[in-house]
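Each remark here refers to the structure printed beneath this line.
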Amino acid sequence: MEVEQTLILVKPDGVQRGLIGEIISRYERKGLKLIGLKLLQFPLTKAEELYVVHKGQPFYHRLIEFMTSKPIVAIAIEGPNAIKLARLINGATDPLESAPGSIRGDYSTDITRNLVHASDCLENAKRELAILFSPEELC
Ligand code: CMP
C-alpha cells in the first residue's frame with residue numbers, strides 16, 4: 001500500500017452550488033487526510049499549466065474559461081493509494097458513466113461542469129500539487 005499525495009480541485013460549479021463541505025466530507029469519510037486547503041480565483045497561467053495535456057482538445061478553451069471564471073477550492077490529500085481512491089470517489093468524467101454514489105454520479109450531468117478534478121497519476125499529482133501549493137503550505 002503506497003502512501004500518496006494528490007491534488008483535488010472543487011471546480012467553480014461546486015463552489016457556486018454550495019457543495020464544498022459535501023465534497024470534502026467524502027474524502028474525509030473515506031479516511032484520506034487533508035494536508036492543504038485554500039479557496040482561490042484560479043490564475044489563467046496556472047489553469048493553462050494544470051491542463052497543458054489537454055491543449056489542442058476541442059474542449060480546452062471552454063475548460064480554461066470555466067475554471068478561471070469563479071473561485072475554486074484546492075485540496076491536497078494524503079493516504080494509501082490516494083490518487084486512485086480520489087478518482088473513484090469523484091466518478092467518471094463522462095456523466096453517462098459516473099456511477100451513483102460518486103460525487104459526479106450524484107451531483108453532475110455535464111462533462112465540463114463536473115464539480116471536481118483529481119490528479120490521474122503520481123507524476124501529475126506531484127506536478128499539479130506544485131502548481132497550487134508551495135511546500136510550506138502543506139501540513
Ligand atoms: P478534469 O478531471 O478536470 O480533467 C479535464 C477536464 O476537461 C475534465 O475534468 C472535464 O471537466 C473537461 N472536459 C470537457 N469535455 C471533455 C471531454 N470530452 N473529455 C474529457 N474531458 C473533458
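Start at 1 and go down the list; that is how both ligands and their atoms are numbered. One-based numbering along the sequence shown. Note that the coordinates shown come from a computational prediction; the quantities given were computed from them, not determined experimentally.
When side chains are defined from C-beta on, Glu78 does not count as touching Leu138, because their heavy atoms never get closer than 4.5 Å. Residues Val73 and Ile75 meet the side-chain proximity criterion, which asks for heavy atoms closer than 4.5 Å.
For the pair Gly105 and Ser102, the tightest heavy-atom approach, listed with the atom from each and the gap, is N-OG, 3.0 Å.
For the atom pair CD of Glu137 and CG of Leu132, the computed distance is 9.0 Å after rounding to the nearest 0.5 Å.
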Expected rows: ligand 1 N/O, protein N/O, dist below 3.5 Å:
from     : atom 1 : to     : atom 2 : distance (Å)
ligand 1 : 2 (O)  : Arg104 : NH2    : 3.2
ligand 1 : 2 (O)  : His117 : ND1    : 3.4
ligand 1 : 3 (O)  : Lys11  : NZ     : 2.7
ligand 1 : 3 (O)  : Tyr51  : OH     : 2.6
ligand 1 : 3 (O)  : His117 : ND1    : 2.9
ligand 1 : 9 (O)  : Lys11  : NZ     : 3.1
ligand 1 : 9 (O)  : Asn114 : ND2    : 3.3
ligand 1 : 11 (O) : Lys11  : NZ     : 2.9
ligand 1 : 11 (O) : Ile111 : O      : 3.0
ligand 1 : 11 (O) : Thr112 : O      : 3.3
ligand 1 : 11 (O) : Asn114 : OD1    : 3.3
ligand 1 : 11 (O) : Asn114 : ND2    : 3.3

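For Arg113, the CZ atom counts as loosely surrounded, since its 6.0 Å shell holds 12 or fewer non-hydrogen atoms of other residues, nucleotides or ligands. The 12-atom threshold is exceeded at CD of Glu28, counting heavy atoms of other residues, nucleotides or ligands nearer than 6.0 Å.
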